[in-house]
Amino acid sequence: MFGLCIKLFLISATTRTRSCFSSKIHPGESPAYWEKVLEGIGKMKCVAYDPVDTMEWDKAGDNLPPKERRFAVLASSLLSSQTKEHVTRGATRRLHENGLLTADAIEKADEETIRKLIYPVGFYSRKASNLKKIANICLMKYDGDIPSSIEELLLLPGVGPKISHLVMILGWNNVQGICVDTHVHRICNRLGWVSRSASKQKTLMPEETRVALQRWLPREEWVPINPLLVGFGRKICTPLWPHCAECAVSRFCPSAFKDTPNSSFKSKKSALNKKL
DNA sequence: CTCCGGCATT
DNA sequence: AATGCTGGAG
């Protein structure tokens, strides 16, 4: 499934030149030089997912029946934390090795067993319990499959906008929206690509970022922008002290060399909270 | 807003 | 040693 991301990313990278022209569909609304920025980030070659490491799991996933593959996609997405993807993949693999990637198996499994298998991922306790609940719901309502719409996915415990859009893309090959995680959210704000309605302020929630980004970003970029910015965000445009000197697109970035921990809005918020 | 909870980064 | 972090729920 991670392989799918790479494939889509590569396909888009090769057609990016073409997609630059399609941006003329949204004149005035899109930020200046956004094509150059995406191109520049692509050239820095920090794709999020290591192709070699993902191959093994990808094969295992591809051999599953569609229903089981989709459930595996959902389970894996639930465990994911983009900043620590190797940990996520390890946890998914351990579940898979123990035959615990189907709704049926998880429903029958002991919650403690699942908790131990996914232990290295963040929030393992909550995620183990959510996984059990989701397995139960999938069996009762969807015959062991997963919901096929954003609305129904959002009803599952522990599934929010980020995971539901990811699952629609990876599980159903259906692009309903951009998968906005913390990296996409942070970087789009630094680039000045999204703002709160009418004002020039940064968006506060990833969900706001998603809507704002979708207003102007051409559809063919909706899937590849995630692995592109996740990789970039982990290696160069880091949350604290971004490496602007090494960044090939800093000349297009209004926040370049300015975004120190003290000026980032999250730090401001926590600093404010401590004072109160 | 806080919380989760081990881990990376300072 | 201390801080800050995932994405979602309450």
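All values derive from a computational prediction rather than experimental measurement. Every chain is numbered from 1, with letters handed out A, B, ... down the list of sequences.
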Under-4.0 Å salt bridge between A:E39 and A:K43:
yes
How many whole angstroms separate atom NZ of A:K127 from atom C1' of B:dG6?
12 Å
Given B:dG6, C:dG8, C:dG7, which nucleotide is nearest the side-chain atoms of A:P161?
C:dG8
For the pair made of CG in A:N130 and P in B:dC3, what is the distance, rounded to whole Å?
19 Å
Value in whole Å for how far the P atom of C:dG8 lies from CG of A:L131:
15 Å
Given the rule that I, L, V, M, F, W and Y join up when any side-chain heavy atoms are under 4.5 Å apart, are A:I106 and A:M140 in one cluster?
no
For A:S125, report the nucleic acid contact type (base, sugar-phosphate, nothing); a contact means any heavy atom under 4.0 Å.
sugar-phosphate
Between A:E97 and A:R94 (salt bridge meaning N to carboxylate O under 4.0 Å), is one present in this structure?
no
If we require ring centres under 5.5 Å and near-parallel planes under 30°, does A:F123 stack on C:dG8?
no
Distance below 4.0 Å between A:Y124 side-chain N/O and B:dG6 OP1 or OP2
yes
Output the rounded distance in Å from CH2 (A:W241) to C1' (C:dT3).
9 Å
Roughly how many Å is it from CG in A:L79 to P in B:dC7, rounded to a whole number?
16 Å
Is there a path from A:V175 to A:L229 through hydrophobic residues (I, L, V, M, F, W, Y) whose side chains come within less than 4.5 Å of each other?
yes
Rounded to whole Å, how long is the line connecting atom NE2 of A:H243 with atom C1' of B:dT10?
12 Å
Answer yes or no: does atom OH of A:Y142 have more than 12 heavy-atom neighbours from other residues, nucleotides or ligands under 6.0 Å?
yes
Nearest whole Å is fine: how far is C:dG10 C1' from A:R126 CZ?
9 Å
NA contact type, A:L156, heavy-atom cut-off 4.0 Å: base, sugar-phosphate, or nothing?
sugar-phosphate
Mind checking the P distance from C:dT3 to B:dT2? Whole angstroms is fine.
15 Å
Measuring only the P atom in each nucleotide, how far is B:dC1 from C:dG4? A whole number of Å is fine.
15 Å
Just the rounded figure in Å: distance from P of C:dA9 to CG of A:L78.
10 Å
